[in-house]
Amino acid sequence: MAEAVFHAPKRKRRVYETYESPLPIPFGQDHGPLKEFKIFRAEMINNNVIVRNAEDIEQLYGKGYFGKGILSRSRPSFTISDPKLVAKWKDMKTNMPIITSKRYQHSVEWAAELMRRQGQDESTVRRILKDYTKPLEHPPVKRNEEAQVHDKLNSGMVSNMEGTAGGERPSVRGLHHEDGSQHIGLLHPGDRGPDHEYVLVEEAECAMSEREAAPNEELVQRNRLICRRNPYRIFEYLQLSLEEAFFLVYALGCLSIYYEKEPLTIVKLWKAFTVVQPTFRTTYMAYHYFRSKGWVPKVGLKYGTDLLLYRKGPPFYHASYSVIIELVDDHFEGSLRRPLSWKSLAALSRVSVNVSKELMLCYLIKPSTMTDKEMESPECMKRIKVQEVILSRWVSSRERSDQDDL
Amino acid sequence: MEPEPEPAAVEVPAGRVLSARELFAARSRSQKLPQRSHGPKDFLPDGSAAQAERLRRCREELWQLLAEQRVERLGSLVAAEWRPEEGFVELKSPAGKFWQTMGFSEQGRQRLHPEEALYLLECGSIHLFHQDLPLSIQEAYQLLLTDHTVTFLQYQVFSHLKRLGYVVRRFQPSSVLSPYERQLNLDASVQHLEDGDGKRKRSSSSPRRHTLLRAPAPELLPANVAGRETDAESWCQKLNQRKEKLSRREREHHAEAAQFQEDVNADPEVQRCSSWREYKELLQRRQVQRSQRRAPHLWGQPVTPLLSPGQASSPAVVLQHISVLQTTHLPDGGARLLEKSGGLEIIFDVYQADAVATFRKNNPGKPYARMCISGFDEPVPDLCSLKRLSYQSGDVPLIFALVDHGDISFYSFRDFTLPQDVGH
């Protein structure tokens with residue numbers, strides 16, 4: 001056989017996630033024909049597609065692995081929590097981030113700077129911040145249902161009064177609730193979903209005792225966690241690549257992209273994205289093709305190619321294929337996005353083999369009768385053909401009994 | 001007479017004709033190859049005596065091997081004659097064991113291709129003559145490898161594979177269609193290309209003074225009001241018409257806005273509004289529509305999403321709806337590319353070594369692979385060449401051999417179709 005053989009993808013040894021769904025849309029036979037599904041919302045910010053709503057981010061990444069958190073490696077998982085402190089205070093059993101006092105001071109100073117730039121005078125700034133950053137007993141209750149949960153949390157904390165870390169005693173001190181105070185320092189007010197307005201700050205217990213203590217007597221440093229409000233919150237957004245965004249809009253109809261509060265039509269996106277990224281149409285067609293086969297394409301920058309193909313998603317399997325995309329015409333010729341020499345092809349092949357991926361060349365064949373006008377609409381894809389080619393290296397001196405397929 | 005030295009210990013200086021004793025010594029010397037490795041590789045000179053000694057031994061072994069004279073019994077060499085005009089070598093005495101996998105019969109004679117003859121010469125199996133004189137290996141390289149026969153690069157690949165034990169024959173295009181081709185019922189049918197677009201209409205442009213304002217249409221005016229044409233030149237002079245200098249930020253913003261925003265005047269519905277009130281009514285209608293119906297910017301447009309909500313019954317069904325790109329295969333359309341020549345060609349058919357015992361030249365069977373040979377500096381074959389060559393190769397895998405100053409690496413481009421992945 002002259003065709004390449006399909007090898008099953010390699011499962012990752014340790015999987016930390018459960019698989020939710022292949023795509024961020026509801027499936028079901030029992031939905032009526034006019035059943036709507038939720039349309040997520042994204043915005044164009046500086047020629048990038050950004051999703052800000054926390055619920056949307058959760059859905060888009062969790063079902064199909066679309067996008068990347070702007071402050072994370074892949075899944076949006078940014079937290080200001082200091083991992084060392086979290087480990088130290090793990091008996092606290094709290095969801096609030098735990099940060100150092102120094103870090104909290106930075107937040108306060110940033111918020112102050114922001115207010116000064118907004119034109120507030122110094123005394124106002126100080127007054128507002130002093131009020132906002134007062135220590136709290138526990139997070140104020142917003143709804144009645146949460147009261148029980150918070151009480152449990154509080155009692156849990158109280159019962160853990162015995163410190164475990166080196167003789168320190170954790171304690172959470174606080175004053176009265178605060179209600180209806182203004183939200184200062186929020187970059188973008190609005191419904192953000194679950195966020196970390198409340199943080200636990202590790203602060204030193206008040207002043208040391210007698211200074212006349214003997215030099216070799218150890219001063220007991222007592223730290224405690226104080227609940228305060230964070231005046232300068234950082235929100236992590238999800239960034240979608242142009243291909244991912246267009247796919248969600250055009251193929252699934254589950255995303256709307258806004259520019260300055262106006263939603264954009266499909267044709268407009270098709271044109272505008274090409275201006276931002278001149279090779280967008282080519283890369284999009286390949287992206288669409290692989291998605292329509294049920295694979296998850298992610299960017300291939302790490303290995304010098306255009307796409308990496310995953311089965312199910314990055315958390316479950318190692319990427320199976322590393323793909324280079326080219327657009328050619330009816331006579332199977334065309335100016336290439338990346339003209340390859342044998343040297344560069346050999347290098348790419350080596351890199352791919354070293355990371356256990358197969359190198360794939362994906363040719364998109366455009367009929368010569370296709371006009372430029374036709375290319376102005378994504379419907380032109382119906383006339384495009386896709387040719388996949390696997391490039392592999394053959395070793396002539398391999399043991400003859402070893403050679404199964406080429 | 002002095003005692004004769006050990007036959008195997010006789011050392012022969014290069015360039016001399018060997019004496020009888022030397023010839024015998026050469027025949028009975030040890031056939032064992034020296035151990036190749038003298039320990040792990042050293043990356044830097046360390047000036048030690050041990051390292052110097054290892055290097056010396058390695059070099060000495062190498063020189064000894066290279067200096068060995070090749071000695072064959074005249075009777076066991078097959079005599080052969082090089083025919084340059086015809087491009088083959090004709091055997092003058094009966095062929096030996098090599099005849100099982102090499103050579104061809106023609107007009108009752110036994111013949112060899114130039115690459116086969118050169119290889120056998122290097123092996124010490126034949127005695128190659130040209131104009132009644134025996135050829136040295138160097139002369140044979142020069143005479144037998146030409147552009148009309150087999151190039152040097154192609155010979156290097158040939159001998160590399162032969163030495164690994166493969167059977168290498170000249171390319172024979174299979175006359176039998178592969179089952180795949182029969183399935184596709186491929187013919188050399190030529191697709192008709194449609195004519196290009198008709199000529200575009202030239203847009204007419206009428207030169208106008210840009211300050212001239214035409215008279216308003218009478219039907220738009222109240223009954224007793226007359227409109228007239230006017231030249232706003234005098235008013236324009238009272239305005240500051242200097243071009244506004246935008247900051248970089250403003251310019252960037254404008255560029256971005258131009259990409260993503262629609263010109264409100266380009267909207268046909270807006271154009272149909274003849275008054276401000278009608279426009280406001282339009283906006284209101286749209287607002288109501290937006291809250292009632294599904295997203296009009298997606299569904300109320302000429303191009304709508306591929307999937308509508310009611311169609312999402314299962315992941316497999318969804319994939320079906322969004323699959324608009326067609327898959328194609330390498331051999332598709334390859335037939336009509338056969339007219340193209342030049343560039344890469346398939347040179348050899350390669351059979352595996354364990355097929356040697358049962359190999360029949362008249363009926364070799366399907367090759368293990370077919371070879372195209374190219375220099376490392378030459379361009380990578382484009383899709384056009386890949387399709388043509390893979391069509392010619394049929395269902396035998398095609399391998400590209402790249403020669404880089406004696407180093408040979410092999411790559412294959414194989415047709416592939418990614419399977420659909422659903423239902424994990």
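Here is the naming used below: chain letters follow the sequence lines, and residue numbers restart at 1 for every chain.
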Report yes if some heavy atom in the side chain of [X] is under 4.5 Å from a heavy atom in the side chain of [Y]; otherwise report no.
X	Y	answer
A:Ser396	B:His160	yes
B:Asp415	A:Gln387	yes
B:Val318	A:Phe27	yes

_Option in A:Met44, A:Glu260, A:His288, A:Lys293 with maximal non-hydrogen atom pairs under 4.5 Å from chain B_ = A:Lys293
Tell me, for [X] versus chain B, whether the close heavy atoms (under 4.5 Å) come from the side chain, the backbone, both or neither.
X	result
A:Leu248	neither
A:Ser341	backbone
A:Leu391	both

*How long is the gap from OH on B:Tyr411 to OG on A:Ser392, to the nearest 0.5 Å?*
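These two atoms lie 10.0 Å from each other.
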Using modelled atom types only, decide if a donor and an acceptor are shared between the side chain of [X] and the backbone of [Y] within a distance under 3.5 Å.
X	Y	result
B:Glu256	A:Asn47	yes
A:Lys385	B:Leu325	no
A:Lys268	B:Gln259	yes

*Hey, mind stepping through B:Phe416 and A:Tyr321 against ring pair (Phe, Tyr, Trp, His ring centres under 6.0 Å) and telling me if it holds?*
CA-CA 12 Å; B:Phe416 183 64; A:Tyr321 300 96; 5.5 Å; yes
*asked:* Looking only at the side chains, is there a donor atom on one of B:Thr327 and A:Tyr289 sitting less than 3.5 Å from an acceptor on the other?
replied: yes
